[in-house]
Structures are given as C-alpha cells and as structure tokens.
Undergrad: 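Here's a structure for you.
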Amino acid sequence: MNIKTHTKEQAREFLKQEALKEIYEINDFNRFHTRVFCVIAKYGLQLNAKRENLLSGDEWSNPACRETLIKRVELFLDKHIR
C-alpha cells in the first residue's frame, strides 16, 4: 500500500489553489461576485469575508477590476485557509 503524506503547508496550498482555480474559471462577470461568494462559503470563510468586507465595494461591478479582485481573494485565502 502506497501512502503519501503531505505537510500542513502543502494541504493549505492545495486548497488555496483549488479555490483560485474555481474563481479563475468564472467567465461571466455578471455572476463573478456570487460565484466567488460560493467558493468562499464552501470553505466556511463567509463570516471572515464579511468581517473584512472582502465582497463589498464598487469594484465588484467593474469587469476591469477582475484581476485585482482575484488578487484580493488570493491574499484572503492565504490568510484564512488553515
């Protein structure tokens, strides 16, 4: 039996990359905010996002801010996925 062990850091990075992959795959910007919320909620981080106002602001309705928003989400995930 081949059992591969992963460190806690490797597991955190894997979860973060999976979440970001889902977010990058969102093509319809009209649904971007809702889908990002769903990804955040899947990891149980919606209350943290609310406390930090991650999903609020005018930039969420501006498609030109997409990459900036993804970077914000990445920093948020890096901070909160444990």
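Every heavy atom of this structure was used, including side-chain atoms; hydrogens, water molecules and symmetry mates were not.
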Undergrad: Given Leu75 and Lys79, is the side chain to side chain contact (heavy atoms under 4.5 Å, CB included) satisfied, shown in steps?
TA: CA-CA 6 Å; Leu75 293 172; Lys79 178 180 176 183; over 6 Å; no

Undergrad: Any chance the rings of Phe76 and His80 have centres within less than 6.0 Å?
TA: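 Ring centroids of Phe76 and His80 are less than 6.0 Å from each other.
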
Undergrad: For Arg35, is the CZ atom crowded, meaning more than 12 foreign heavy atoms sit under 6.0 Å from it?
TA: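 No, because the 6.0 Å sphere around CZ of Arg35 holds 12 heavy atoms or fewer from other groups.
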
Undergrad: Any Lys/Arg nitrogen of Glu22 or Lys42 sitting under 4.0 Å from an Asp/Glu carboxylate oxygen of the other?
TA: yes

Undergrad: If you round to the nearest 0.5 Å, how far is CG of Asp78 from CZ of Arg12?
TA: 6.0 Å

Undergrad: Nearest 0.5 Å please: distance from the SG atom of Cys65 over to the NZ atom of Lys71.
TA: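 Reported value, rounded in 0.5 Å steps: 16.0 Å.
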
Undergrad: To the nearest 0.5 Å, how far apart are OG in Ser56 and NE2 in His33?
TA: 7.5 Å

Undergrad: With side chains defined as the heavy atoms from C-beta onward, is the minimum distance between Glu59 and Thr68 less than 4.5 Å?
TA: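 Sidechains of Thr68 and Glu59: no contact.
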
Undergrad: Report yes if the side chains of Lys16 and Tyr43 come closer than 4.5 Å at any heavy-atom pair, otherwise no.
TA: no

Undergrad: Once rounded to the nearest 0.5 Å, what's the spacing between atom CG of Leu77 and atom CD of Gln17?
TA: 9.5 Å

Undergrad: Within the distance-only criterion (no hydrogens, no angle test), does the side chain of Gln10 pair as donor or acceptor with the backbone N or O of Thr7 below 3.5 angstrom?
TA: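 Yes; at least one donor-acceptor contact below 3.5 Å.
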
Undergrad: Side chains of Leu45 and Asn48, heavy atoms from C-beta outward: is any pair under 4.5 Å?
TA: yes

Undergrad: Return yes when atom CG of Asp58 has more than 12 non-hydrogen atoms of other residues, nucleotides or ligands closer than 6.0 Å, and no otherwise.
TA: no

Undergrad: Donor-acceptor pair, Arg66 side chain versus Tyr24 backbone, under 3.5 Å?
TA: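 Yes, because the side chain of Arg66 sits within donor-acceptor range (under 3.5 Å) of the backbone of Tyr24.
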
Undergrad: For Ile23 and Leu69, run side chain to side chain contact (heavy atoms under 4.5 Å, CB included): C-alpha distance rounded to whole Å, both residues' side-chain angles, the deciding distance at 0.1 Å, then the answer.
TA: CA-CA 10 Å; Ile23 291 169; Leu69 293 169; over 6 Å; no

Undergrad: Is any side-chain heavy atom of Phe32 less than 4.5 Å from a side-chain heavy atom of Ile70?
TA: yes

